[in-house]
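The structure appears below as C-alpha cells.
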Amino acid sequence: MRKQHTHLFDEALVALVARGDEDALAELYDRVGRVAFGLAFRVLRDERHAEDAVQEAFLAVWRTAASFRAERAKASTWILTLVHRRAVDLVRREERRRTEPLADEPAFVSGAQVTEEAAWLRFERERVQSALKQLPDAQREAIELAYYGGFSQSELAERLGVPLGTIKSRMFAGLARLRELLDDSTQEGSWRPEFTS
C-alpha cells in the first residue's frame with residue numbers, strides 16, 4: 001500500500017491525510033521526520049522533548065491537514081513550522097514549570113484524602129480503558145504496548161513486523177482519537193464508570 005504513495009508530491013500526501021489516509025501520513029513522516037527531529041532538537045536540546053514535539057506536530061498534521069493551503073507554502077515547510085511551534089511551546093512550558101513556586105504541601109494527608117484520590121485514579125483508569133476499547137485493534141495494540149509495555153516505537157515496529165512509519169501513524173491516529181473520546185466523555189451521560197471490586 002505504501003508503495004502507491006512514493007511517487008506523490010508532499011502536497012498530494014497532505015490531501016490524502018486530510019481524507020484519513022494513515023499510509024500517506026507515514027510516508028510524510030518518512031520524508032520529513034528526520035529533518036523535523038533535527039529542528040526540534042536544535043530548539044530543545046533534549047532528545048525526548050524533541051521526539052514529543054515531532055509527535056505532537058504530526059498529530060496536528062493528522063488533525064488539520066484539511067486546512068493546509070498549497071498556495072501559501074510547501075507541505076514540508078508547513079510541517080516544519082508546526083514542529084517549530086510545538087518545540088517553542090515545550091520550551092515555554094518547561095520554563096514556566098521551573099519558575100513557578102511549588103505549592104505548599106500539607107503536613108499530613110488524611111485517610112479520607114487517600115481514599116478519595118484512589119477512587120479518582122480508579123475512575124480515570126476505567127475512563128481511559130473504556131476509550132481504548134473503542135480504538136481499532138492496530139491502534140490500540142500500538143498504544144498499549146508503548147505506554148503499558150514500555151516499548152519504543154522502533155521496538156514496536158520490530159516486534160510487530162511493520163514499518164516504523166506505520167507504527168507512528170497508528171499511534172498518532174490512535175492518540176488523536178483517544179483525545180476526542182476522552183474530551184467527549186466529560187459531557188454528561190456519554191460515559192458511565194463500571195465500578196469493580
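Note: hydrogens, waters and symmetry copies are ignored here, and every other heavy atom, side chains too, is used. Treat the numbers as computed from the prediction; the structure is a model and nothing was measured.
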Transitive ILVMFWY side-chain link Val83 to Val14, under 4.5 Å: yes
Evaluate Leu13 against Arg31 for side-chain contact (heavy atoms from CB on, under 4.5 Å), listing each step before the verdict. CA-CA 11 Å; Leu13 290 172; Arg31 293 181 187 185; 3.4 Å; yes
If you count heavy atoms of other groups shown closer than 6.0 angstrom to CD of Glu158, is the number above 12? no
Show which side-chain atoms of residues 32-39 pair as donor or acceptor with protein atoms under 3.5 Å away, not counting sequence neighbours.
none

On a heavy-atom basis, which atom in Pro163 and which in Ala157 lie closest, and how many Å separate them? C-CB, 4.1 Å
Same apolar cluster (I L V M F W Y, side chains within < 4.5 Å links), Leu8/Tyr29: yes
Side-chain donor/acceptor pairs under 3.5 Å, residues 59-76, sequence neighbours excluded:
from, atom 1, to, atom 2, distance (Å)
Thr64, OG1, Ala60, O, 2.6
Ser67, OG, Thr64, O, 2.6
Arg69, NH1, Ala66, O, 3.1

With sequence neighbours excluded, tell me which residues meet side-chain contact (heavy atoms from CB on, under 4.5 Å) with Ala53. Ala40, Leu44, Arg86, Ala87, Leu90
Set of salt bridge (Lys or Arg N to Asp or Glu O under 4.0 Å) partners for Arg140, sequence neighbours left out: Asp137
Nearest heavy-atom approach of Leu178 to Ala131 is CD2-CB, 3.5 Å
Check against side-chain contact (heavy atoms from CB on, under 4.5 Å), Leu80 and His84: CA-CA 6 Å; Leu80 292 175; His84 186 262; over 6 Å; no
Determine, for Arg177 against Glu180, whether the closest basic-nitrogen to carboxylate-oxygen distance falls under 4.0 angstrom. yes
Residue set satisfying side-chain hydrogen bond (donor to acceptor under 3.5 Å, both in side chains) with Gln55, at least two apart, ordered chain then number -> none
For residues Phe41 and Asp46, report the shortest heavy-atom separation together with the two atoms involved. CE1-N, 3.6 Å
Would you please test Trp78 and Asp10 for side-chain contact (heavy atoms from CB on, under 4.5 Å) and show each step? CA-CA 11 Å; Trp78 175 65; Asp10 293 348; over 6 Å; no
Considering only heavy atoms from C-beta outward, does the side chain of Leu164 approach that of Ser154 to under 4.5 Å? yes
Decide yes or no on side-chain contact (heavy atoms from CB on, under 4.5 Å) for Leu132 and Leu135, but give the supporting numbers first. CA-CA 5 Å; Leu132 277 168; Leu135 295 180; 3.9 Å; yes
Donor-acceptor pair, distance only, cut-off 3.5 Å: does the side chain of Ser130 make one with the backbone of Glu126? no
Under the rule for side-chain hydrogen bond (donor to acceptor under 3.5 Å, both in side chains), what residues qualify as partners of Gln139, not counting sequence neighbours? Glu22
Exam field: side chain Arg170 to backbone Ile143, donor-acceptor pair closer than 3.5 Å: no
